[in-house]
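Right, one structure below, let's go through it.
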Amino acid sequence: MTGYVPSDNSRAIRAGASTGTGTPAARPAVPAPPRRVRREWAALAAPTVSPARFAPHMTDGLPSPVRRWLAHAVAPGAPLLQTVVLVTHGEIRMGTWRRFRAHQVLAPPRGLVWAAGARLGGLPVSGFDRYSGGTGEMRWRLLRAVPVMSGSGPDVTRSAAGRLACEFPLVPPVALGPAVCWEPVDDRQAVAHVRIGQEEFAVTMRVSPSGRLESVAMLRWGNPDRHGYGEHPFGAVFEGESRFGGFTLPRTVRAGWWFGTGRWREGEFIRFALDEAAHH
């Protein structure tokens, strides 16, 4: 669900904090997606077969911010697992900021499924975004029956592939794989050229001196201003950190269109915290 225009509320969401996202019991439920999408989920969530284990020398030759980030994000000896299943909660802009809860499987470059539940006018809205099998799709319904938003086709596929490219840092071992080629920029930034299907996306990562991932930015295909599809600045800001097994991930994420421009406050449309992350 993309392209929403946020309010002036710019607070970040902190995991476990009282920020209007509610207690776990009060957050919207996440209904299971349709059976065909559950099959896609199962395929993407399959365990990595015979993963290698991380060693610092594996980052030799990479740009210095990438080496610093991987040394910080991946524990020595951790298996280089290529998929993560996330449980998140936060706020999404649907006219105004509304609480949501989501489950996601993320397996760059193969695909993602994001299934979420929110409330609109006091009524439950649920659905999914996906990129899998080389195609993108979104389906959202009120009361699980009334269509609210749906889309598929080349434009949705290209936009969904861009999202997948932008989210690859949530699966740090992917940075060492063949889907990503690195270009140095300076001591704080590097560009990841991420191959998703037939497209290549340039994702600029910014890394702190300590190795914490600070932000990602790219040009993403979309229609945020409802004037037709095109490439627009898109990005995410990461705050805090949490340890999940052998991996250190951002604790909270704020993402949206027109990242790095004067329209960022207008374009930011989602804020969420990571509650659980299981790498497979």
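What you see is a predicted model, and the numbers here were worked out from it, not measured in a lab. Quick note: numbers below take in every heavy atom, side chains included, and nothing from hydrogens, waters or symmetry partners.
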With a 4.5 Å heavy-atom cut-off, do [X] and [Y] have their side chains touching?
X: Val207; Y: His72; answer: no
X: Phe259; Y: Trp264; answer: yes
X: Trp257; Y: Asn223; answer: no
X: Trp182; Y: Arg67; answer: no
X: Phe128; Y: Glu137; answer: yes
X: Ser152; Y: Arg139; answer: yes
X: Leu219; Y: His232; answer: no
X: Arg110; Y: Glu40; answer: no

Do you know which two heavy atoms are closest between [X] and [Y], and how far apart they sit?
X: Pro109; Y: Tyr131; answer: O-CE2, 4.4 Å
X: Pro169; Y: Leu249; answer: O-CD2, 4.3 Å
X: Leu142; Y: Val148; answer: N-CG2, 3.5 Å
X: Pro233; Y: Thr261; answer: CG-CG2, 4.2 Å
X: Ile196; Y: Ala161; answer: CG2-CB, 3.7 Å
X: Met58; Y: Leu80; answer: SD-CD1, 3.8 Å

Looking at Val85, Val105, Val171, Val84, which hits side chain to side chain contact (heavy atoms under 4.5 Å, CB included) with His280?
->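 Result: among Val85, Val105, Val171, Val84, Val85 is the only option passing the side chain to side chain contact (heavy atoms under 4.5 Å, CB included) with His280.
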Would you tabulate the side-chain donor-acceptor contacts of residues 211-218 under 3.5 Å, counting partners in other chains and residues two or more places apart, or write 'none'?
{"residue": "Arg212", "atom": "NH1", "partner": "Phe238", "partner atom": "O", "Å": "3.0"}
{"residue": "Glu214", "atom": "OE1", "partner": "Arg188", "partner atom": "NH2", "Å": "2.9"}
{"residue": "Glu214", "atom": "OE1", "partner": "Arg206", "partner atom": "NE", "Å": "3.4"}
{"residue": "Glu214", "atom": "OE2", "partner": "Arg188", "partner atom": "NH2", "Å": "3.1"}

Can you tell me if CZ on Arg36 sees more than 12 non-hydrogen neighbours from other groups inside 6.0 Å?
->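 Count over threshold, so yes.
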Check: [Y] main-chain N/O paired with [X] side-chain donor or acceptor under 3.5 Å:
X: Arg158; Y: Pro154; value: no
X: Glu268; Y: Glu266; value: no
X: Ser126; Y: Ala116; value: no
X: Ser159; Y: Asp155; value: no
X: Arg251; Y: Gly240; value: no
X: Thr83; Y: Leu44; value: yes
X: Arg68; Y: Asp187; value: yes
X: Arg263; Y: Gly267; value: no

What do the steps show when you test Arg130 against Ser132 for side-chain hydrogen bond (donor to acceptor under 3.5 Å, both in side chains), and what is the final call?
-> CA-CA 6 Å; Arg130 71 160 185 88; Ser132 54; 3.0 Å; yes
Apply ring pair (Phe, Tyr, Trp, His ring centres under 6.0 Å) to the pair Trp140 and Trp114, showing each step before the final yes or no.
-> CA-CA 11 Å; Trp140 296 88; Trp114 185 75; 5.7 Å; yes
Taking it one step at a time, do Phe100 and Arg98 satisfy side chain to side chain contact (heavy atoms under 4.5 Å, CB included)?
-> CA-CA 6 Å; Phe100 77 89; Arg98 302 181 187 277; over 6 Å; no
How many angstroms lie between atom [atom1] of [X] and atom [atom2] of [Y], to the nearest 0.5 angstrom?
X: Glu183; Y: His193; atom1: CD; atom2: NE2; value: 4.0 Å
X: Trp69; Y: Thr59; atom1: CH2; atom2: OG1; value: 11.5 Å
X: Leu120; Y: Ile92; atom1: CG; atom2: CD1; value: 11.0 Å
X: Asp275; Y: Leu86; atom1: CG; atom2: CG; value: 10.0 Å

Could you walk me through whether Met149 and Met138 pass side chain to side chain contact (heavy atoms under 4.5 Å, CB included), step by step?
-> CA-CA 7 Å; Met149 180 184 297; Met138 56 182 174; 3.9 Å; yes
Do [Y] and [X] meet the salt-bridge criterion of a basic N to acidic O distance under 4.0 Å?
X: Glu91; Y: Arg99; value: no
X: Arg163; Y: Asp129; value: yes
X: Glu241; Y: Arg243; value: no

Hydrophobic cluster identity match, [X] and [Y], side-chain contacts under 4.5 Å:
X: Val194; Y: Leu170; answer: yes
X: Leu62; Y: Phe54; answer: yes
X: Phe168; Y: Val113; answer: no
X: Leu106; Y: Leu176; answer: yes
X: Val37; Y: Trp41; answer: yes

Parallel under 30°, tilted from 30 to 60°, perpendicular over 60°: which one fits the rings of Phe234 and Phe269?
->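 Because their plane-to-plane angle lies in the 30° to 60° range, the rings of Phe234 and Phe269 count as tilted.
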Full working for side chain to side chain contact (heavy atoms under 4.5 Å, CB included) between Val174 and Gln82 = CA-CA 6 Å; Val174 171; Gln82 302 295 304; 3.7 Å; yes
Do Arg271 and Trp97 meet the cation-pi criteria used here (NZ or CZ under 6.0 Å from the six-membered ring centre, within 45° of the axis)?
->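 That pair qualifies as a cation-pi contact.
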Evaluate the criterion side chain to side chain contact (heavy atoms under 4.5 Å, CB included) for residue pair Leu274 and Val253; output intermediate values, then yes/no.
-> CA-CA 8 Å; Leu274 275 67; Val253 182; 4.2 Å; yes
